[in-house]
Amino acid sequence: MKVILFGATGMIGRGVLNECLRDGRVDQVLAIGRSSLGIEDPKLRERVQSDPGDLAAIADDLGEFDAFSSASGSRPSG
């Protein structure tokens with residue numbers, strides 16, 4: 001499975017990212033955000049862009065992914 005993840009630099013997004021990287025069913029994670037995660041993993045691809053919501057910048061990649069997760073702007077307390 002290939003997963004696109006928005007918001008991986010925050011607390012919840014980092015948790016989702018860590019679970020994806022540990023899960024043997026996940027082959028690749030494309031993390032999209034405003035800043036680099038500062039980690040390396042063979043499953044991880046990063047896309048740093050000033051406007052992560054600009055899907056036109058990643059339009060060519062979208063067809064190859066199976067799942068999408070967004071933790072952008074989420075707060076652990078709700």
Side-chain angles (χ1 to χ4, degrees):
M1 176 182 346
K2 294 182 178 182
V3 178
I4 296 176
L5 174 59
F6 286 83
T9 57
M11 185 177 88
I12 293 171
R14 185 60 68 122
V16 172
L17 175 63
N18 289 338
E19 290 301 316
C20 286
L21 295 178
R22 285 187 202 127
D23 193 320
R25 298 170 292 183
V26 176
D27 301 310
Q28 184 181 84
V29 179
L30 173 59
I32 301 170
R34 286 187 214 55
S35 58
S36 177
L37 296 167
I39 62 171
E40 290 188 26
D41 187 284
K43 291 184 178 184
L44 180 62
R45 279 177 43 201
E46 276 194 86
R47 178 84 179 223
V48 177
Q49 54 189 58
S50 60
D51 180 5
D54 180 9
L55 298 181
I58 61 164
D60 292 340
D61 293 325
L62 294 178
E64 67 182 78
F65 287 86
D66 307 299
F68 167 86
S69 178
S70 177
S72 295
S74 59
R75 295 175 188 232
S77 61

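- Residues satisfying the side chain to side chain donor-acceptor pair (under 3.5 Å) test with D66, not counting sequence neighbours, are none.
- Applying the ring pair (Phe, Tyr, Trp, His ring centres under 6.0 Å) test to every pair with at least one member in residues 8-33, sequence neighbours left out, gives no pairs at all.
- Within 6.0 Å of the CG atom in D60, the count of heavy atoms belonging to other residues, nucleotides or ligands does not exceed 12.
- With rounding to the nearest 0.5 Å, the separation of CG in L21 from CD1 in I39 is 5.5 Å.
- For CD of E40, the number of neighbouring non-hydrogen atoms (other residues, nucleotides, ligands) closer than 6.0 Å is 12 at most.
- Counting only residues at least two apart or on different chains, no ring pair (Phe, Tyr, Trp, His ring centres under 6.0 Å) pair has a member in residues 39-64.
- Between I4 atom CD1 and L55 atom CG the span is 8.5 Å, to the nearest 0.5 Å.
- Partners of D54 by salt bridge (charged side-chain N to carboxylate O under 4.0 Å, His left out), not counting sequence neighbours: none found.
- To the nearest 0.5 Å, atoms CD1 (I12) and OG (S70) are separated by 10.5 Å.
- Within the 4.5 Å cutoff, no side-chain heavy atoms of V16 are placed close to those of V3.
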Throw together a table of side-chain donor-acceptor distances under 3.5 angstrom for residues 26-36, partners on residues two or more places apart or in other chains.
{"residue": "D27", "atom": "OD2", "partner": "M1", "partner atom": "N", "Å": "2.9"}
{"residue": "Q28", "atom": "OE1", "partner": "R45", "partner atom": "NH1", "Å": "3.3"}
{"residue": "S36", "atom": "OG", "partner": "G38", "partner atom": "N", "Å": "3.3"}
{"residue": "S36", "atom": "OG", "partner": "E46", "partner atom": "OE2", "Å": "3.3"}

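- Residue pairs meeting the salt bridge (charged side-chain N to carboxylate O under 4.0 Å, His left out) criterion with at least one member in residues 7-22, sequence neighbours excluded, are E19-R22.
- For F65, the ring-ring contact (aromatic ring centres under 6.0 Å, His included) criterion is met by no residue, not counting sequence neighbours.
- With sequence neighbours excluded, no residue satisfies salt bridge (charged side-chain N to carboxylate O under 4.0 Å, His left out) with K43.
- For residues 4-36, every residue pair satisfying the ring pair (Phe, Tyr, Trp, His ring centres under 6.0 Å) rule, not counting sequence neighbours, is listed here: F6-F68.
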